[in-house]
Amino acid sequence: MRDGRRLAVEEWGDPEGSPVVLLHGTPGSRRAVVPREVTDARPGLRFIAYDRPGYGGSDRHPGRRVAHAARDVAALADLLGLERFAVLGVAGGAPHALACAALLPRKVRRAAVLACPAPPDAEGLSWFDGMTSAHTQEYSRALTEPVRFADRLAARSAEIRTDPAAHLASLREGLTDADRRAVSAPPAGEMLLRGYREGLATSAYGWLDDTLALLSRWGFDPDLITRPVLLWHGGQDAFTPVGHFHWLADRIPRARPVLDPEAGHFSALEALPEVLDWLSGASPAAS
């Protein structure tokens, strides 16, 4: 990068295909956005993914905002010769995909965001309403006791590096039946394990900075996004409550809202094939 940082980037698929930039969840890595069997089934697409700063092989960018993702993606696009591309973000990566749609309107054709939180300053939204008590406590600690929160993430990251399967098993305990089904599928489960292990391989900084960025002013206004945006959400999502989905759907001018009332947070993994087809223009089904 121009500021001297290094970003870890990976691309696969058809080098002449329609480009799709993938933005991973929190925590995660470039290798844990879409199961490889899903991307392999779409030979007309070129996939590009990168570790956000502080994750995996990417250098940290202290104090980064959500909006900074647009700068990084624009630099990657220039490096790889991408004039126009789609973006896809899942969970913690979803606001970063919205940043690209908002701030790179001449480059981004379409954006798809799944299980996306709303900005923390979302007017009229009770941000924590419907969220699990564990997530509410974690976010509250990040806001009120950032040093203690950072220490806690460092300890959790060390545990995950040692045994990522135990972390995934602990997540299953509080999941809906739909989410348990989603993470129990071997391709999805293996991808999540790889993402946790590789994303947190060197430190917890990516996880920490992601959380602080999501809880701070994002640096752009979703109301001003001019590109088509597919919003997918599970009605049973207790990590990112459905109120966030409704808030974004009401404000993004060209939003295409898709709400699955029986789905949970990790059910987004099961929606990815149809979402990718919409991004590529191969299917109008998700509209």
Side-chain angles (χ1 to χ4, degrees), residues 1 5-13 20-40 45-62 64 66 68-69 72-73 75-76 79-80 87-97 100 114-115 138 149-172 175 179 182-214 239 265-266 268-269 272 276:
M1 306 298 290
R5 288 182 296 116
R6 296 173 299 171
L7 289 182
V9 186
E10 187 167 346
E11 63 172 321
W12 66 97
V20 180
V21 177
L22 307 176
L23 294 108
H24 64 76
T26 302
S29 80
R30 67 190 185 278
R31 295 176 177 170
V33 190
V34 182
R36 191 56 67 98
E37 68 171 13
V38 175
T39 59
D40 288 348
L45 297 179
R46 177 185 180 187
F47 295 97
I48 300 100
Y50 74 103
D51 294 340
R52 276 194 300 282
Y55 284 112
S58 291
D59 292 333
R60 189 185 183 193
H61 183 185
R64 61 178 166 91
V66 172
H68 285 125
D72 288 349
V73 169
L76 293 180
L79 175 68
L80 298 172
V87 293
L88 184 153
V90 180
H96 299 86
C100 296
L114 297 84
E138 287 292 287
F149 178 71
D151 290 342
R152 179 177 170 83
L153 283 192
R156 290 179 63 189
S157 297
E159 293 172 356
I160 292 170
R161 281 194 292 273
T162 301
D163 191 355
H167 175 67
L168 188 59
S170 69
L171 283 179
R172 286 194 182 100
L175 296 182
D179 274 341
V183 301
S184 296
E190 292 168 6
M191 183 192 73
L192 290 171
L193 289 176
R194 184 168 60 249
Y196 296 145
R197 183 172 55 247
E198 295 183 8
L200 302 173
T202 57
S203 76
Y205 284 137
W207 195 355
L208 172 65
D209 294 339
D210 255 7
T211 304
L212 297 178
L214 291 171
F239 291 10
H265 186 76
F266 288 98
L269 296 170
L272 285 168
L276 282 172

| task | Sequence neighbours left out, what passes side chain to side chain contact (heavy atoms under 4.5 Å, CB included) with Arg152? Give chain and number order. | result | Glu138, Arg141, Arg156
| Residues in side chain to side chain contact (heavy atoms under 4.5 Å, CB included) contact with Glu159, at least two apart in sequence or another chain | none
| message | Taking side chain to side chain contact (heavy atoms under 4.5 Å, CB included) as the definition, give me every residue that meets it alongside Ala97, ordered by chain and number, with sequence neighbours left out. | response | Leu23, Val87, Val113
| field | Reported CG-to-OH distance for the pair Leu208 and Tyr55, which is rounded to 0.5 angstrom | value | 9.0 Å
| Taking only residues two or more places apart in sequence or in another chain, which ones pass ring pair (Phe, Tyr, Trp, His ring centres under 6.0 Å) with Tyr50? | none
| salt bridge (Lys or Arg N to Asp or Glu O under 4.0 Å) against Glu11, all qualifying residues, sequence neighbours excluded | Arg46
| message | As a quick check of understanding, evaluate side chain to side chain contact (heavy atoms under 4.5 Å, CB included) for Asp209 and His61, giving each step before the final call. | response | CA-CA 8 Å; Asp209 294 339; His61 183 185; over 6 Å; no
| field | Heavy-atom pair with the smallest gap, counting every atom of Val34 and Met191 | value | C-SD, 3.3 Å
| note | Residues at least two apart in sequence or cross-chain that pass side-chain hydrogen bond (donor to acceptor under 3.5 Å, both in side chains) with Arg64, listed by chain then number, are Asp210
| remark: Residues passing the salt bridge (Lys or Arg N to Asp or Glu O under 4.0 Å) test with Asp59, sequence neighbours excluded, are Arg6
| request: Apply side-chain hydrogen bond (donor to acceptor under 3.5 Å, both in side chains) to Glu10 and list each qualifying residue two or more places apart in sequence or on a separate chain. | output: Arg30, Arg31
| message | Tell me every residue that passes side-chain hydrogen bond (donor to acceptor under 3.5 Å, both in side chains) with Ser203, counting only those two or more places apart in sequence or in another chain. | response | none
| task | Kindly compute the distance separating CG (Leu80) from CG (Leu76), expressed to the nearest 0.5 Å. | result | 6.5 Å
| said: Quick check against the 3.5 Å criterion: does Ser58 have a side-chain atom that pairs as donor or acceptor with the backbone of Gly54? | reply: no
| Who are the side-chain hydrogen bond (donor to acceptor under 3.5 Å, both in side chains) partners of His24, not counting sequence neighbours? | none
| request: Using the test side chain to side chain contact (heavy atoms under 4.5 Å, CB included), find all partners of Ala182 that sit at least two apart in sequence or belong to another chain. | output: Phe266, Glu270
